[in-house]
K.L.:
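The following block contains the structure, expressed as structure tokens.
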Amino acid sequence: MNTFEVAVWADGHLRMLDQRVLPHEEVSIDFFSAEETARGIRDMVVRGAPAIGCATAFGVAVEAFRIAAQGIPASWPDAMAPGLKALEESRPTAVNLRWSLERMRPLLVSTAPREVPQRLLAEAQAILREDHEACLQMGRHGAAVLPDTGNRPLTIMTHCNAGALATGGVYGTALGVIRGAVDAGRKVRVISCETRPFLQGARLTAWELLKDGIDTTLITDNMAAHLMSQGLIDVVVVGSDRVAANGDAANKIGTLGHAICAQRYRIPFMVAAPLSTIDMKAPDGSHIPIEERPETEVTHIGGKRIAALNVTVRNPAFDVTPAELISWFVSEKGAMERPSLEKMRSLFHG
Ligand code: MRU
């Protein structure tokens, strides 16, 4: 199993694999402040909800070290406020970003001033370690409820990249379930949707699965319904950027169409996400903010314009799949059939 430097602490600062240039180039970039980290998140150097959460935590730590190098501030919350604001505003949908900030922020007042940078770094490292563990657990729980296909290989369709690259660099959420199945001895074939416009499926999912020797076939997003109608998909497994209290799940644009299709052809639809991706303050999916990204992502491919000049463009980066279309919700706590408010609550209480 390959692991990646998605967001790690190296030589006293944050280092992140630049996911914008994968799979053609494998280069890492170093980040020395919260503002730089926020730009890296917004520009997609790092992406994927749990990975954004890890990057945010290290971004907070690196900011504290930068400030402390000029002297311990009279008020840590005041000194950190601009950096935290930049991070908070970098991307709106993935709730892991806010979850991470909520975990880091109280430490600015509960820690002795001289120890703040080191304490924040320890917390960021803990968030990364917990993410690794959660992915391994999700993989185990999700794999256990995948359809039984007898001697026939199991064909799993996924959308976007919810792999090691989208988490702390190990296993992943949706791809963690796939890896969990492989580790449990199942013969697995993956159908990876290319995921227009940013091509996370074609560039990232295909790359990381092939590196692990997992049989992967690439399709364009508009081929998914046809394959489902032909009985060529056994199960759909995706990640999420924010799960509402009733189980509605936001994920990469295009996921909703796959879920509707899966229901039409009676194909189980699984969402895998850690507790850090659940937003119990959002009663349902209508409360999840949907990011609109730059129109050049739609009008251009690989830096080359493909769209007619002056055409109006929309680029919502996520859509919301209603809980009623989700057969399984998998977290580090287990696999839950047909998510509901009551079942989501039970993840946090008992
Ligand atoms: O825009 P992105 O690449 O950050 O979107 C990522 C996704 O939609 C993933 O499926 C989601 O974050 C789950 S990652 C484990």
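Each ligand, and each atom within it, is numbered from 1 in the order the structure gives.
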K.L.:
Determine whether any heavy atom of Val238 lies closer than 4.0 Å to an atom of ligand 1.
P.N.:
no

K.L.:
Non-hydrogen atoms of Gly172 versus ligand 1: any pair closer than 4.0 Å?
P.N.:
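Distance cut 4.0 Å: Gly172 fails for ligand 1.
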
K.L.:
List the atom of Ala55, the atom of Val46, and the distance in Å for their closest heavy-atom pair.
P.N.:
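Reported closest heavy-atom pair: CB-CG1, 3.9 Å.
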
K.L.:
Can you tell which part of Pro50 has a heavy atom less than 4.0 Å from ligand 1: side chain, backbone, both or neither?
P.N.:
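The answer is the side chain.
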
K.L.:
Applying side chain to side chain donor-acceptor pair (under 3.5 Å), name anything that partners Asn246, two or more places apart in sequence or on another chain.
P.N.:
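For Asn246 the side chain to side chain donor-acceptor pair (under 3.5 Å) partners, ignoring immediate neighbours, are Asp248.
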
K.L.:
Nearest protein heavy atom to atom 5 (O) of ligand 1, by residue and atom, and its distance?
P.N.:
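The closest heavy atom on the protein side is Lys252 CE, 3.3 Å.
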
K.L.:
Quick one: which ligand 1 atoms are inside 4.0 Å of a heavy atom on Gln200?
P.N.:
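Counting atoms of ligand 1 from 1, those under 4.0 Å from Gln200 are 1 (O), 2 (P), 3 (O).
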
K.L.:
Closer than 4.0 Å to some heavy atom of Arg91 - which atoms of ligand 1 meet that?
P.N.:
1 (O), 2 (P), 4 (O)

K.L.:
Among protein heavy atoms, which lies nearest atom 7 (C) of ligand 1, and at what distance?
P.N.:
Asp241 OD1, 3.3 Å

K.L.:
Without hydrogens or angle criteria, can the side chains of Asn222 and Arg196 be said to hold a donor-acceptor pair below 3.5 Å?
P.N.:
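Side-chain D/A pair, Asn222 to Arg196: absent.
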
K.L.:
Between Thr167 and ligand 1, is there a nitrogen or oxygen pair with a distance under 3.5 Å?
P.N.:
no

K.L.:
Tell me: protein heavy atom nearest atom 14 (S) of ligand 1, and distance?
P.N.:
Ala166 CB, 3.4 Å

K.L.:
Any pair with a residue in residues 135-160 that passes salt bridge (Lys or Arg N to Asp or Glu O under 4.0 Å), sequence neighbours left out, goes on the list, sorted by first then second residue, please.
P.N.:
Arg152-Asp234

K.L.:
For Ala49, take its heavy atoms, then give the atoms of ligand 1 lying under 4.0 Å from any of them.
P.N.:
12 (O), 14 (S)

K.L.:
Going by the order shown, which atoms of ligand 1 are within less than 4.0 Å of some heavy atom of Ser240?
P.N.:
11 (C), 12 (O), 13 (C)

K.L.:
Should you measure from each heavy atom of Phe318, which atoms of ligand 1 turn up under 4.0 Å away?
P.N.:
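Once the distances to Phe318 are compared, the set is 1 (O), 5 (O), 8 (O).
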
K.L.:
How does Phe198 reach ligand 1, if at all, at less than 4.0 Å between non-hydrogen atoms: by side chain, backbone, both, or neither?
P.N.:
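Phe198 to ligand 1: no contact under 4.0 Å from either part.
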
K.L.:
Which protein heavy atom lies closest to atom 15 (C) of ligand 1, and at what distance to 0.1 Å?
P.N.:
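Checking every protein heavy atom, the shortest distance to atom 15 (C) of ligand 1 gives Thr173 OG1, 3.0 Å.
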
K.L.:
Distance under 4.0 Å to a non-hydrogen atom of Met44: what atoms of ligand 1 satisfy this?
P.N.:
1 (O), 3 (O)

K.L.:
Establish, from distance only, whether the side-chain atoms of Asn251 and Ser240 form a donor-acceptor pair under 3.5 Å.
P.N.:
no

K.L.:
Compare every heavy atom of Lys333 with every heavy atom of His141, then report the nearest pair and how far apart it is.
P.N.:
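Where His141 meets Lys333 most closely, the heavy atoms are NE2-C, 3.9 Å.
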
K.L.:
Looking only at protein heavy atoms, which one is nearest to atom 10 (O) of ligand 1, and what is the separation?
P.N.:
Asn251 OD1, 2.6 Å

K.L.:
Just say parallel, tilted or perpendicular for the rings of Trp207 and Phe4, cut-offs at 30° and 60°.
P.N.:
tilted

